[in-house]
J.: 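Here it is, the structure in full.
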Amino acid sequence: MPEMNMAKAINLALFEAMTRDDRVVVMGEDVGPDEGVFRITEGLHAKFGDKRVIDTPLAESGIIGTAIGMAINGLRPVAEIQFSGFDYYAYHHLEMHAARFRNRTRGRITVPMVMRAPSGGGIRAIEHHSESREVIYAHAPGLKVVMPSGPRNARALLHAAIQDPDPVIYYEPKACYRLFKEEVPDQIETLPIGRAQVVRQGKDITLISYGATMRCTLEAAEMLEEEDGVKAEVVDLLTIAPMDTQTIIESVTKTGRVVIVHEAPRTCGIAAEVIARINEHALLYLEAPVKRVTGYDLPIPYFAREKAYLPDADKVLLAARETLAF
Amino acid sequence: MPEMNMAKAINLALFEAMTRDDRVVVMGEDVGPDEGVFRITEGLHAKFGDKRVIDTPLAESGIIGTAIGMAINGLRPVAEIQFSGFDYYAYHHLEMHAARFRNRTRGRITVPMVMRAPSGGGIRAIEHHSESREVIYAHAPGLKVVMPSGPRNARALLHAAIQDPDPVIYYEPKACYRLFKEEVPDQIETLPIGRAQVVRQGKDITLISYGATMRCTLEAAEMLEEEDGVKAEVVDLLTIAPMDTQTIIESVTKTGRVVIVHEAPRTCGIAAEVIARINEHALLYLEAPVKRVTGYDLPIPYFAREKAYLPDADKVLLAARETLAF
Amino acid sequence: MPRKPLDIPLKLETISVLDENGEVDKSLEPKIPNDELKNWYRWMLMGRRVDERLLKLQRQGRIGTFPQASGHEAIALGTIVAIEKPDWFVPAYRETTGFLYRGWTIETILLYWSGLEEGAIPPEGMNDLPIAVPVATQLVHAAGIGMANNVKGEKKVVMTYFGDGASSEGDTHEALNFASVFKAPVVFTCLNNQYAISVPLHRQMNCQTVAQRAISYGIPGVRVDGNDVLAVYVAAKEAVERARKGEGPTLIEGLTYRYTPHTTSDDPKRYRKEEEAQQWAAKEPLIRFRKYLEKKGILNDKIVTQMEEEIETRIQDAIKNVERMLKEAPYSDPLVMFDYLYADMPPHLQEQRDELAHFLSRNKSDAEKKHETAAH
Amino acid sequence: MPRKPLDIPLKLETISVLDENGEVDKSLEPKIPNDELKNWYRWMLMGRRVDERLLKLQRQGRIGTFPQASGHEAIALGTIVAIEKPDWFVPAYRETTGFLYRGWTIETILLYWSGLEEGAIPPEGMNDLPIAVPVATQLVHAAGIGMANNVKGEKKVVMTYFGDGASSEGDTHEALNFASVFKAPVVFTCLNNQYAISVPLHRQMNCQTVAQRAISYGIPGVRVDGNDVLAVYVAAKEAVERARKGEGPTLIEGLTYRYTPHTTSDDPKRYRKEEEAQQWAAKEPLIRFRKYLEKKGILNDKIVTQMEEEIETRIQDAIKNVERMLKEAPYSDPLVMFDYLYADMPPHLQEQRDELAHFLSRNKSDAEKKHETAAH
Ligand SMILES: Cc1ncc(C[n+]2csc(CCOP(=O)(O)OP(=O)(O)O)c2C)c(N)n1
Ligand SMILES: Cc1ncc(C[n+]2csc(CCOP(=O)(O)OP(=O)(O)O)c2C)c(N)n1
Ligand SMILES: [Mg+2]
Ligand SMILES: [Mg+2]
């Protein structure tokens with residue numbers, strides 16, 4: 001089992017998918033000879049050439065709209081939007097068409113495509129390069145939204161996304177690209193879309209997160225154990241939509257206390273939906289209000305102030321302690 | 001106090017605002033001589049002419065982007081998007097610029113504009129003409145989102161939106177345009193953005209809604225009283241963002257039981273945020289899980305099946321009874 | 001270079017073959033077998049009659065609002081006959097004649113305007129997309145479909161449509177640019193009917209033609225008389241051949257007039273003069289094509305009357321069939337709304353489906369109860 | 001009309017005034033006072049030196065990633081001197097020289113690249129917008145600003161900028177179309193440096209020039225040598241005059257080369273040959289302008305050395321000032337992130353501000369505690 005970081009694991013998944021299925025094409029701005037501004041498409045153009053690794057003009061609506069056309073015409077496009085903040089330009093195609101063709105034509109026309117985009121903050125990037133707006137896709141029926149948190153699940157989820165018969169938004173926590181390495185099996189593996197994972201067992205409190213903030217969430221869990229002797233259970237959503245209610249509820253009914261962590265702004269964030277589902281299925285098990293540790297209801301500040309904006313282990317720890325003390 | 005329907009009340013507010021403040025301009029597709037596909041801009045072109053009532057080319061991003069430029073240059077544009085389903089084309093301008101210029105320039109440059117759009121279903125329209133996606137704006141920090149439910153508050157909220165120093169999304173429940181009339185005062189009145197209203201007093205259960213579904217919510221409240229002797233308190237959010245937490249909490253702490261009603265899809269809908277705030281501020285007062293009566297997690301079906309998709313009084317009644325019986 | 005005109009290769013043409021009186025320019029007359037030409041007329045006539053009947057049905061409240069297509073038959077037919085069955089048809093919404101020619105049944109069309117997704121299902125085995133409501137988006141899909149043909153090495157051509165108003169959308173620019181950069185086999189046909197609802201051409205754009213925008217993409221641009229089916233065909237045929245040869249996209253602009261209101265809920269009196277429509281009445285596409293075919297001895301009153309009867313029967317049957325269908329599942333069943341969102345239904349949707357089923361059954365029984373009590 | 005070329009009025013020109021050796025085409029040489037010309041050179045030199053210093057600071061990790069502007073001075077300066085103080089400056093991000101000319105201090109520029117919104121505040125009283133990161137969006141704002149000038153009856157002109165890559169965005173089409181339909185006083189200047197990050201011009205568009213796209217909007221299109229500040233000025237001045245006279249927008253394309261990496265995190269070796277850059281080196285804008293000014297006796301080594309010294313001092317002062325500022329509020333205070341989202345802070349934001357303040361203070365005291373215990 002080779003060790004690799006998330007950037008490499010995503011690159012590996014693309015390479016494997018293109019090798020095993022020649023319907024898979026990669027497209028986007030600078031994904032060709034430049035191999036992507038984060039080098040995620042490294043080696044692909046050299047190996048698969050212009051036809052299957054397509055440098056597009058600078059136009060996000062064009063990228064996603066043509067990807068939809070390609071998917072309708074039998075390909076499996078994996079379209080990269082250079083930064084998730086720019087996928088807004090293509091939102092109409094995703095919401096109106098990628099999400100709807102199957103439903104609109106009662107299954108006759110389908111759009112098996114993936115939109116990949118680096119998402120979130122933490123890399124001292126300039127304005128519009130650190131956005132977290134997964135909600136606008138999670139709220140759009142017909143799309144699936146996944147977000148890996150480490151090299152191994154990144155590769156497995158991307159394979160699942162590419163093989164999925166429906167359109168998948170695959171958001172990559174760019175802060176994790178080269179943050180740490182993990183062993184990744186030699187065999188291709190997939191993770192079922194729609195399933196969360198309990199990545200740390202515990203009985204006292206449930207910490208729920210996804211993507212980049214899984215790191216500080218797990219750190220906080222360790223601190224809780226070391227400093228307070230509290231056993232925190234940690235859930236990694238992995239899929240944001242459709243959300244795995246069952247795994248969440250099973251943990252909550254056990255612990256009765258919950259903290260949810262994400263970078264995106266709080267209002268109408270993913271945490272709100274998690275809370276709504278806890279309310280529907282496990283209200284009577286709650287021993288304290290569910291706490292939200294999230295980005296504030298602001299555009300993420302320019303990078304000099306972004307650290308204070310982002311969730312971190314201390315914020316999660318504080319929230320967990322307040323929840324436990326409630 | 002003359003009686004009028006919502007279409008007329010919105011038209012009146014536009015007329016009044018343009019009369020008292022010549023910085024106010026109206027722009028959009030077919031808002032000129034055609035007076036809007038719903039006739040909301042009736043009489044404006046005749047009175048104020050081409051310069052201030054602007055028929056634009058067919059391009060939503062162009063409409064909102066130029067409106068932003070006009071607002072930056074001292075005007076008060078009220079931009080109409082013909083149907084809310086088409087404002088996705090302009091989402092990037094709203095999220096990246098309308099919402100951010102004040103914050104970006106520390107108050108130096110501001111964008112006092114209004115985006116008006118008919119929203120929601122119930123008029124047997126064709127595909128993409130019945131959407132409810134207010135969440136994508138409520139989740140975008142820097143925007144305000146309001147939605148009237150009747151002629152009087154429609155006029156008052158539109159005046160408030162036009163006078164607001166920041167960008168406001170003004171969603172018009174098109175199903176209510178000509179559904180009923182109300183007395184509207186002779187004097188111009190405004191409603192504070194950010195404030196909900198208790199429109200019916202009650203002690204047994206709180207029903208929360210906004211926009212078009214206020215009608216069936218109030219009907220259900222009447223049925224509860226007549227058929228079950230239950231006194232339902234009804235809250236009209238009026239402003240979706242920033243949300244009036246206090247009014248919600250005051251009612252919930254009194255009743256302990258809540259049903260939230262909206263047309264938009266359930267997952268990551270406004271109801272989820274309301275539930276999250278109830279959880280944060282009034283968890284211990286809840287005697288039953290908060291119920292969501294919403295559009296299902298589907299694109300609203302073509303009109304032959306839309307009735308079954310939309311919330312109605314019977315659905316609210318059923319949910320309220322289940323909540324009361326919990 | 002001090003200061004001189006920027007010279008760029010212009011590939012811009014105008015084409016007209018049939019005049020208003022059905023007189024043909026022999027030098028340009030395409031060689032089409034007579035029964036083929038007769039067929040073309042039949043399809044155009046059917047497009048017209050279906051459109052007229054839809055209007056009646058809408059007035060009777062039996063279908064919803066729809067955009068009338070009368071007057072657009074020549075552009076729709078002249079382009080659609082230029083592609084082959086395996087080629088792609090990526091419509092906007094005024095190409096009724098094209099839909100019929102591609103095998104969309106009148107039943108399907110009626111289902112669509114009756115508010116049922118079942119009306120958006122393309123004919124089995126055809127590479128057709130349904131009506132695209134959000135203007136200009138279909139052009140980007142068409143570009144992508146064409147790019148995929150290049151990737152797969154398939155020689156299929158994509159025929160797509162948009163309006164003069166749609167040409168203002170950014171997506172139109174992006175679609176034309178992608179198609180030209182990737183030499184995608186796409187024919188972009190603009191139905192220039194001079195109005196976008198109420199907005200006239202000169203408020204939509206500051207240039208004389210849509211065709212000249214081909215210059216922005218280094219592709220051929222052709223403006224044809226959009227009421228002249230032969231001119232449309234000539235332009236389309238050449239564009240399709242170029243595309244099939246790998247020479248990339250073409251922009252065709254068919255100049256016509258929106259003879260009808262924009263949709264059944266539009267009132268043109270608010271923004272244009274009656275006279276204008278009258279001036280265009282004589283230019284209308286069916287009249288001149290019929291004159292031409294009569295001169296060629298392909299049509300006469302008897303043949304046309306027979307066509308009219310066949311079409312009328314076909315329409316009546318379709319209406320009857322749909323009336324029956326609407327009473328049956330799936331058309332009568334709201335619960336199917338959940339069944340095609342994803343290949344597999346996720347748990348939360350199954351829950352919501354059950355919730356609605358529960359509500360409907362319970363409501364039904366409530367209603368029955370009320371009914372009974374009322375009966376007593 | 002049977003079949004003929006579509007003839008449309010073309011308003012397309014190319015302009016070049018100074019060649020690589022600083023030889024001027026007398027017939028086109030604009031009449032600019034000598035000290036004014038000297039001033040132009042000073043600003044271009046300052047733009048260059050500031051850009052070079054930013055690179056050093058970035059390498060030292062003292063500022064973040066930024067897009068280098070070296071080589072774009074002629075386009076930035078030649079256009080910006082063509083407008084007046086009350087006119088509007090709507091930049092993209094490579095117009096450093098224009099920012100400086102409009103009165104943006106080096107301090108402000110440093111704050112911007114240090115990751116502080118304070119660096120996006122335009123100079124008091126100037127009608128300037130800050131850097132626009134999402135490509136092409138600024139063009140639509142510029143069109144709207146120009147439309148507003150027409151509504152208000154103000155004769156101010158809008159000078160806006162975009163790249164060759166940005167020309168592929170739908171927003172560029174919509175901005176040009178709106179501006180032309182409404183005769184907005186806007187000059188659209190394309191910095192065509194032949195690359196969008198790694199994507200070369202011929203993969204970005206299938207036409208020879210960006211300027212020819214003016215035809216799609218019925219407006220004048222001018223392609224100028226973008227390394228020739230006089231040519232840029234001539235084109236810009238005429239465009240500004242047309243705009244001010246109410247004749248609407250102009251599309252100017254300045255052809256130059258991106259001499260540097262796209263940004264400090266880009267590596268051009270991955271996608272282009274070193275030689276290419278070398279071929280363009282001689283065409284670089286400052287060299288030829290200096291030669292021209294020397295021939296005119298406006299510049300000599302002594303004068304230039306003095307300029308260099310002044311600029312260096314100015315830059316050093318600015319860096320010192322910013323170092324000091326960064327230690328002070330508001331620059332050092334994270335809580336101000338909440339203070340400018342809305343004119344009035346809504347309750348939920350106040351709550352969140354308090355939440356962060358609470359966290360920061362508490363965390364601080366925690367840290368201190370830890371520190372103390374460690375001390376024992
Ligand atoms: C993106 C979008 N905006 C607005 C509409 C509403 N709308 C439907 S048709 C139409 C006018 C289209 O004009 P044109 O492109 O000329 O086509 P025509 O209807 O004249 O055939 C408008 C504004 C829409 N369907 N899609
Ligand atoms: C909408 C959008 N998409 C992608 C990016 C990322 N990006 C920044 S600059 C750039 C290339 C721009 O090329 P061009 O317009 O030629 O300007 P240049 O950088 O060459 O001056 C890209 C893709 C962006 N900023 N905005
Ligand atoms: Mg039209
Ligand atoms: Mg460039």
Side-chain angles (χ1 to χ4, degrees), chain B residues 28-39 42 45 50 54-63 65 82-83 85-86 88-90 123-130 265-267 292-309 311-312 314-315 317-319 322, chain C residues 64-67 93 111-120 131 133-137 163-171 196-200 203-205 262-263 265-268 270-272 326 331-338 341 346 348-349 352-353 355-356 358-360 362-363 366:
Chain B
E29 296 156 12
D30 308 289
V31 298
D34 194 36
E35 302 182 325
V37 293
F38 288 105
R39 309 290 175 251
E42 202 156 45
H45 184 265
D50 272 350
I54 305 167
D55 264 335
T56 65
L58 207 183
E60 289 71 17
S61 180
I63 292 167
Q82 204 160 66
F83 290 87
F86 305 125
Y88 307 149
Y89 287 62
I123 65 161
R124 296 173 51 86
I126 63 170
E127 192 182 9
H128 301 292
H129 289 63
S130 304
R266 184 167 305 171
T267 294
R292 295 189 277 183
V293 177
T294 66
Y296 306 108
D297 287 319
L298 301 169
I300 182 168
Y302 288 11
F303 66 76
R305 297 186 180 104
E306 79 174 328
K307 193 183 169 315
Y309 177 89
D312 64 24
D314 289 329
K315 288 181 181 177
L317 185 65
L318 175 58
E322 289 171 350
Chain C
T65 305
F66 81 102
Y93 48 83
L111 288 173
Y112 188 87
W113 299 117
S114 304
L116 287 157
E117 285 81 359
E118 287 77 0
I131 278 180
V133 172
V135 305
T137 48
D164 45 299
S167 71
S168 296
E169 290 283 2
D171 272 2
I197 304 186
S198 72
V199 179
R203 300 219 52 160
Q204 194 67 241
M205 58 193 73
H262 169 68
T263 64
S265 33
D266 177 44
D267 170 15
R270 305 179 67 88
Y271 52 81
R272 70 185 190 188
L326 291 180
Y331 311 101
S332 62
D333 178 8
L335 288 173
V336 300
M337 72 170 77
F338 291 92
L341 189 63
H348 76 284
L349 264 192
Q352 292 178 17
R353 195 185 199 281
E355 178 185 316
L356 177 57
H358 166 66
F359 169 75
L360 291 173
R362 181 182 168 117
N363 236 40
D366 283 7

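The sequence lines fix the lettering, A, B, ..., with proteins before strands; numbering per chain opens at 1. Side chains are part of it too, since the values below use all heavy atoms of this structure and drop only hydrogens, waters and symmetry mates. Keep in mind that what you see is a predicted model, and the values were worked out from it rather than measured.
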J.: Among all residues two or more places apart in sequence or in another chain, which pass the side-chain hydrogen bond (donor to acceptor under 3.5 Å, both in side chains) test with B/Y309?
T.: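 So B/Y309 forms no side-chain hydrogen bond (donor to acceptor under 3.5 Å, both in side chains) with any residue.
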
J.: A side-chain contact here means heavy atoms from C-beta on lying under 4.5 Å apart; do B/I126 and C/W113 qualify?
T.: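 B/I126 reaches C/W113 side chain to side chain.
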
J.: For the CD atom of C/Q204 and the CG atom of B/L58, what is their distance to the nearest 0.5 Å?
T.: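 That separation rounds to 5.5 Å.
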
J.: Would C/T65 and B/H129 count as a side-chain contact (heavy atoms from CB on, under 4.5 Å) here? Give the steps.
T.: CA-CA 12 Å; C/T65 305; B/H129 289 63; over 6 Å; no

J.: Kindly compute the distance separating CG (C/D267) from CD (B/E35), expressed to the nearest 0.5 Å.
T.: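 It is 10.5 Å, given to the nearest 0.5 Å.
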
J.: Before you tell me yes or no, could you show the steps for C/R203 and B/T56 under side-chain contact (heavy atoms from CB on, under 4.5 Å), namely the whole-Å CA-CA distance, both residues' side-chain angles and the distance that decides it to 0.1 Å?
T.: CA-CA 7 Å; C/R203 300 219 52 160; B/T56 65; over 6 Å; no

J.: Is the closest side-chain heavy-atom distance between B/Y296 and C/R353 below 4.5 Å?
T.: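 SC-SC contact between B/Y296 and C/R353 ruled out.
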
J.: About how many Å separate CG of C/L341 and CG of B/D297, when rounded to the nearest 0.5 Å?
T.: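 Here the rounded value is 8.5 Å.
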
J.: A side-chain contact here means heavy atoms from C-beta on lying under 4.5 Å apart; do B/P301 and C/L116 qualify?
T.: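 B/P301 does not reach C/L116 side chain to side chain.
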
J.: Rounded to the nearest 0.5 Å, what's the gap from CZ on C/R270 to CD on B/E42? Could you check?
T.: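 CD of B/E42 is found 6.0 Å from CZ of C/R270.
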
J.: When you measure from the side chain of B/R305 to the backbone N and O of C/M337, does any donor-acceptor pair fall under 3.5 Å?
T.: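 No, the answer is negative, given that no donor and acceptor are paired below the 3.5 Å cut-off.
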
J.: For B/E306, which atoms come within 4.5 Å of any heavy atom of chain C: side chain, backbone, both, or neither?
T.: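 B/E306 has no heavy atom closer than 4.5 Å to chain C.
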
J.: Would you please name every residue forming a side-chain hydrogen bond (donor to acceptor under 3.5 Å, both in side chains) with C/S332, sequence neighbours left out?
T.: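 With neighbours one apart ignored, the set is empty.
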
J.: If you measure from CG on C/L349 to CZ on B/R266, what distance do you get to the nearest 0.5 Å?
T.: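 With rounding to 0.5 Å, CG (C/L349) is 10.5 Å from CZ (B/R266).
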
J.: Test B/Y89 against C/T137 for side-chain contact (heavy atoms from CB on, under 4.5 Å), laying out the working first.
T.: CA-CA 10 Å; B/Y89 287 62; C/T137 48; 3.2 Å; yes

J.: To the nearest 0.5 Å, how far apart are CG in B/L318 and NE2 in C/H358?
T.: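 Taking CG in B/L318 and NE2 in C/H358, the distance rounds to 5.0 Å.
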
J.: One pair to check against side-chain contact (heavy atoms from CB on, under 4.5 Å): B/E127 and C/E117. What are the steps and the verdict?
T.: CA-CA 9 Å; B/E127 192 182 9; C/E117 285 81 359; over 6 Å; no

